[in-house]
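We count ligands from 1, going down the list as the structure has it; atoms in each ligand are counted the same way.
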Amino acid sequence: MTEDIRSIAKRAPFLQPMTPWGKPMTVRMTSAGRFGWVTDRRGYRYEEAHPKTGQPWPEIPPSILTVWKAVAETPTPPDCCLVNYYSEKARMGLHQDKDEADFGFPVVSISLGDPATFRIGGSNRKDPTQSVTLESGDVLLMGGEARLAFHGIDRIKFGGSTLLPDGGRINLTLRRVAPAGV
Ligand code: MD6
Ligand code: FE
């Protein structure tokens, strides 16, 4: 699967996303599938082309689609695989994934490389949170009531895995952006 991610990044280079309020994110991102998730001064959204190359995103590799088929409990395929790369100091603030059309579809996440402290709460930002360590190979599904739970990454344990030659962590999140049948 790491080879497949390398070929995605070759055609759709990792970007340093900028939040709508002008702060660079610490995570590097790219995508595969019909839609890629992007953020800049114009806000968070899905786009059908890479913002730098102008090209469509690469297809989602079969090795990654297999994970969705195994756990998502829907015949509808995902149309976005967001690829996040965390280097030593990268983190991701508490957020909800809610730019998709139908929250009946889950978000399926695959963690690779260094372990990370994942924090998850409820559907209100102020709800109490719990932390869990995501290790390389872990698959996490957020569906049903948890679909709109706030979540984020507090930190990674840099060098805690030897999977990636330069260290760090990759997280893949598979989503269905468009409604079923579109
Ligand atoms: C991460 N994950 O694990 C960030 N979103 O690096 C997410 O933001 C996420 O793990 C939706 C569903 C599952 C996730
Ligand atoms: Fe998320």
key: Tyr86 six-ring centre to Arg169 NZ/CZ under 6.0 Å and within 45° of normal   =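 Yes.
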
Distance alone, cut at 3.5 Å: any donor-acceptor contact between the side chains of [X] and [Y]?
| X | Y | value |
| --- | --- | --- |
| Thr173 | Asp97 | no |
| Tyr46 | Arg34 | no |
| Ser111 | Asp138 | no |
| Thr117 | Arg119 | no |

task = Please list, chain by chain and in numerical order, all residues satisfying side chain to side chain donor-acceptor pair (under 3.5 Å) with Asp79, sequence neighbours excluded.
result = none

ask   = Quick one: how many protein N/O/S atoms are under 2.8 Å away from the Fe ion (ligand 2)?
value = 3

ask   = Rounded to the nearest 0.5 Å, how far apart are CD1 of Ile153 and NE2 of His95?
value =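 Rounded to the nearest 0.5 Å, the CD1-NE2 separation comes out at 8.5 Å.
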
inquiry  = Centre-to-centre under 6.0 Å for Phe35 and Trp57, is that the case here?
reply    = no

remark   = Sorted by chain and residue number, the side-chain contact (heavy atoms from CB on, under 4.5 Å) partners of Val71 (sequence neighbours excluded) come out as Val108, Val139, Leu141

query = Tell me, which residues have any heavy atom less than 4.0 Å from some atom of ligand 1?
reply = Tyr86, His95, Asp97, Val107, Ser109, Phe118, Leu140, Met142, His151, Ile153, Arg169, Asn171, Thr173

